[in-house]
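Below: one structure, written as structure tokens.
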Amino acid sequence: MVITSGCCLEKFVMNHLINMYCKCGDLESGITLFSVLPRKNVMSCNILIGGFVQNGDLDSARILFDEMPERNLATWNAMVGGLIQFEFNEEGLCLFGKMHGMGLFPDKFTLGSVLRGCAGSKEVKLGQQIHGYVMKSGIDFDLVVGSSLAHMYMKCGNMSDGEKVFEGMPVHNVIACNTIIAGRAQNGYSEGALDQFNLMKLAGLRPDKITFVSVISTCSELATLGQGQQVHAQAIKSGADASVSVRSSLVSMYSKCGCLEDSLKVFLEPEDDDDDVLWSSMIAAYGFHGHGQEAIKLFEQMEKKGIEPNDVTFLSLLYACSHRGLKERGTELFRLMVDEYKLKPRLEHYNCMVDLLGRAGCLEEAEALIKSMPIKPDSIIWKTLLSACKIHKNTEMARRVAENVLRLDPQDAVPYVLLSNIHASTKGWGDVSEMRKTMRDKNVKKEPGISWLEVKNQVHQFRVGDKSHPKWLEIDEYLKELTSEMRKRGYVPDTNSVLHDMDIEEKEYHLAHHSEKLAIAFALLSTTSGAPIRVMKNMRVCNDCHLAIKFISEITNREIVVRDASRFHHFKHGKCSCGDYW
DNA sequence: CTAGGGTTAG
């Protein structure tokens with residue numbers, strides 16, 4: 001009705017109508033109206049560009065932008081913002097450079113987009129320049145500009161400047177707080193993230209679903225179940241628990257805290273269950289607990305439901321296969337990902353494949369994959385192969401591979417330790433001492449192993465041979481008792497993975513006080529019920545601890561759950577759920 | 001026209 005008499009309408013009414021249609025997702029009608037406009041001014045073009053962008057049709061937006069005879073600031077803002085919104089960061093930043101070169105000065109709308117682009121492509125230099133410009137130009141330093149700046153710094157890993165910007169903001173709202181919480185969480189400052197969460201509540205700000213997503217992810221990082229459950233309860237109270245994003249983070253949190261059943265419970269809630277991330281997080285949860293078959297079954301269901309898997313879905317699947325020794329299935333899935341779903345494998349996918357092949361004992365195949373892949377290998381993927389060499393005791397390949405790790409990451413202690421152990425086993429003492437000298441010269445240090453657990457809402461932390469815990473004497477005494485009982489049952493300490501410059505007795509003492517053994521002994525002493533013991537570790541469990549914990553679970557008749565740097569081990573009656581494949 | 005978030009190998 002309106003369209004038929006379109007030509008007679010006032011221009012600004014027409015513009016409003018076009019805007020309305022575009023906003024409501026009816027791009028067709030917007031375009032039709034635009035085409036009957038007798039004279040198109042900058043304003044109407046801007047509106048249509050905005051419409052194209054909001055509906056994801058960037059190509060049309062680009063064409064219209066290029067054809068426009070004159071443009072104003074809003075035109076540039078719409079185009080720059082649109083490109084960056086759809087992660088064409090470089091193109092967006094390039095366009096920004098162009099507009100700047102033409103003497104146009106950015107306003108706060110431009111800056112919001114450009115800072116987001118800087119964050120996305122880690123352009124901290126440009127970000128800093130913009131920061132300087134904001135301070136000089138007298139642009140309103142409002143919530144949006146402030147949050148964007150803080151976000152940019154933190155995304156680029158520059159925590160201190162991000163925090164400074166946040167402190168300098170005159171007021172904070174929920175979004176500003178969310179920026180800081182996420183920034184801290186993503187840079188490993190988990191406690192700081194939780195602090196800000198508590199502070200914002202004290203300040204009377206109501207956490208929204210985005211707050212919960214970040215805070216719940218933080219709890220998975222810390223793997224402290226009690227905290228996670230509390231935050232879940234708060235999310236339920238606020239109604240945020242119905243959001244798929246919140247549920248995805250809950251699935252992950254429960255799985256990382258060792259409660260696979262709770263992950264499944266959240267996953268099975270009936271609403272909104274056709275989300276790829278939600279499904280991926282459940283697949284990852286199964287994989288993390290060593291349930292490779294269930295992960296694959298879930299993927300098949302996902303395909304049947306027509307949910308499009310993404311690259312993370314496949315990463316989780318490959319991971320699940322590699323931890324169950326499902327070599328054939330994993331290889332098929334990798335092919336499916338590339339050939340059917342046309343997803344480009346990232347280095348992470350190749351790493352999973354190397355892990356899959358290597359663990360399964362196909363070391364040559366794994367090495368060939370690294371050499372043939374179209375991406376440059378990093379030190380991590382060589383380290384994956386190195387640990388496979390170690391499992392399958394292929395010292396010859398280990399030497400070669402360790403050299404590659406050393407070349408790419410000279411500060412990593414793992415290859416040094418491994419190489420010096422190889423030299424020691426062949427009595428190459430000269431090589432051994434040279435190796436140790438290099439380590440000293442380059443100041444290479446082994447990352448300390450840390451284990452922690454929650455007892456009565458308190459987190460207790462242990463390091464190797466750490467005597468600082470108030471109950472140290474009791475723990476040490478109890479470990480002696482346990483060890484002698486273990487030996488009676490046939491336990492022999494596996495001293496192979498210890499640095500070799502100690503005698504056997506020292507090695508055994510060192511092994512007996514690995515952080516996870518301390519943590520488990522403490523847990524056994526401080527809990528009397530038959531409840532399972534949950535211990536977290538920042539590194540992989542060593543061979544000796546894995547063996548010892550099996551004995552301990554039998555002797556004490558307790559279920560012991562250990563979260564490793566890469567997966568879960570459920571020890572029960574002298575056996576581990578990983579089937580010694582880890 | 002503008003800011004923040006979920007799944008992820010070793």
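Numbered from 1 within each chain, the chains take letters A, B, ... in sequence-line order.
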Can you tell which of [options] lies closest to the side chain of [X]?
| X | options | result |
| --- | --- | --- |
| A:Ala182 | B:dG10, B:dT7, B:dG5 | B:dG5 |
| A:Lys155 | B:dT8, B:dG5, B:dG10 | B:dG5 |
| A:Ile380 | B:dC1, B:dG6, B:dA9 | B:dA9 |
| A:Cys352 | B:dT8, B:dA3, B:dA9 | B:dA9 |
| A:Arg359 | B:dG10, B:dG6, B:dA3 | B:dG10 |
| A:Gln54 | B:dC1, B:dG10, B:dT8 | B:dC1 |
| A:Ile175 | B:dT8, B:dA9, B:dA3 | B:dA3 |

Is there a side-chain contact between [X] and the phosphate of [N], meaning an N or O under 4.0 Å from OP1 or OP2?
| X | N | result |
| --- | --- | --- |
| A:Ser220 | B:dT7 | no |
| A:Ser252 | B:dT8 | yes |
| A:Arg567 | B:dT8 | no |
| A:Lys256 | B:dT8 | yes |
| A:His349 | B:dG10 | no |
| A:Gln186 | B:dG6 | yes |

Assign [X] to base, sugar-phosphate, or nothing according to its heavy-atom contacts below 4.0 angstrom with the strands shown.
| X | answer |
| --- | --- |
| A:His172 | nothing |
| A:Gln85 | nothing |
| A:Ser280 | base |
| A:Asp355 | sugar-phosphate |
| A:Val174 | base |
| A:Asp311 | nothing |
| A:Val244 | base |

### Summary
By side chain to side chain contact (heavy atoms under 4.5 Å, CB included), A:Lys209 pairs with (sequence neighbours left out) A:Ala240, A:Ser243, A:Val246
List the atom pairs, donor and acceptor, that lie under 3.5 Å between side-chain atoms in residues 143-156 of chain A and the rest of the protein, sequence neighbours left out.
{"unit_1": "A:Ser147", "atom_1": "OG", "unit_2": "A:Leu143", "atom_2": "O", "d": "2.8"}
{"unit_1": "A:Ser148", "atom_1": "OG", "unit_2": "A:Val144", "atom_2": "O", "d": "2.7"}
{"unit_1": "A:Tyr153", "atom_1": "OH", "unit_2": "A:His131", "atom_2": "ND1", "d": "2.8"}

In this structure, how many angstroms lie between the [atom2] atom of [N] and the [atom1] atom of [X], rounded?
| X | N | atom1 | atom2 | result |
| --- | --- | --- | --- | --- |
| A:Asn77 | B:dA3 | CG | P | 12 Å |
| A:Arg563 | B:dG10 | CZ | C1' | 14 Å |
| A:Phe96 | B:dT2 | CZ | C1' | 14 Å |
| A:Ile370 | B:dA9 | CD1 | P | 18 Å |
| A:Leu356 | B:dA9 | CG | C1' | 12 Å |
| A:Glu87 | B:dG5 | CD | C1' | 13 Å |
| A:Arg116 | B:dC1 | CZ | C1' | 13 Å |
| A:Asp275 | B:dG6 | CG | C1' | 8 Å |

### Message
Quick one, A:Val277 and A:Val244 - any side-chain contact, counting heavy atoms below 4.5 Å?
### Response
no
### Message
Just so I know, are the side chains of A:Ser190 and A:Arg184 near enough to count as touching, which here means a heavy-atom distance under 4.5 Å?
### Response
no
Let's test your reading of the model: under 3.5 Å, does the base of [N] pair with the side chain of [X] as donor and acceptor?
| X | N | value |
| --- | --- | --- |
| A:Ser249 | B:dG6 | no |
| A:Ser245 | B:dG5 | yes |
| A:Asn173 | B:dA3 | yes |

### Task
Could you note down all residue pairs passing side-chain hydrogen bond (donor to acceptor under 3.5 Å, both in side chains) where residues 372-387 of chain A supplies at least one of them, sequence neighbours left out?
A:Asn351-A:Thr384, A:Lys383-A:Asp412
Between [X] and [Y], does at least one N-O distance fall below 4.0 Å, as a salt bridge requires?
| X | Y | answer |
| --- | --- | --- |
| A:Asp311 | A:Arg346 | yes |
| A:Glu332 | A:Lys327 | no |
| A:Glu271 | A:Arg247 | no |

### Message
For A:Phe288 together with A:His323, are the ring centres under 6.0 Å from each other?
### Response
no
Can you list, pair by pair, the side-chain donor-acceptor contacts under 3.5 Å of residues 48-58 of chain A, counting residues two or more places apart and other chains?
{"unit_1": "A:Asn55", "atom_1": "ND2", "unit_2": "A:Gly51", "atom_2": "O", "d": "2.8"}
{"unit_1": "A:Asp57", "atom_1": "OD1", "unit_2": "A:Ser60", "atom_2": "N", "d": "3.2"}
{"unit_1": "A:Asp57", "atom_1": "OD1", "unit_2": "A:Ser60", "atom_2": "OG", "d": "3.1"}
{"unit_1": "A:Asp57", "atom_1": "OD2", "unit_2": "A:Ser60", "atom_2": "OG", "d": "2.6"}

### Message
So if I take residues 106-114 of chain A and measure heavy-atom distances to DNA chain B, which residues fall below 4.0 Å?
### Response
A:Phe109
### Summary
So, with a heavy-atom separation below 4.0 Å from DNA chain B, the residues of residues 203-214 of chain A are A:Asp208, A:Ile210, A:Val213, A:Ser214
### No-hydrogen, no-angle side-chain donor-acceptor test under 3.5 Å, A:Ser263 and A:Ser255
no
### Query
Does a donor on one side chain and an acceptor on the other come within less than 3.5 Å for A:Tyr341 and A:Glu303?
yes
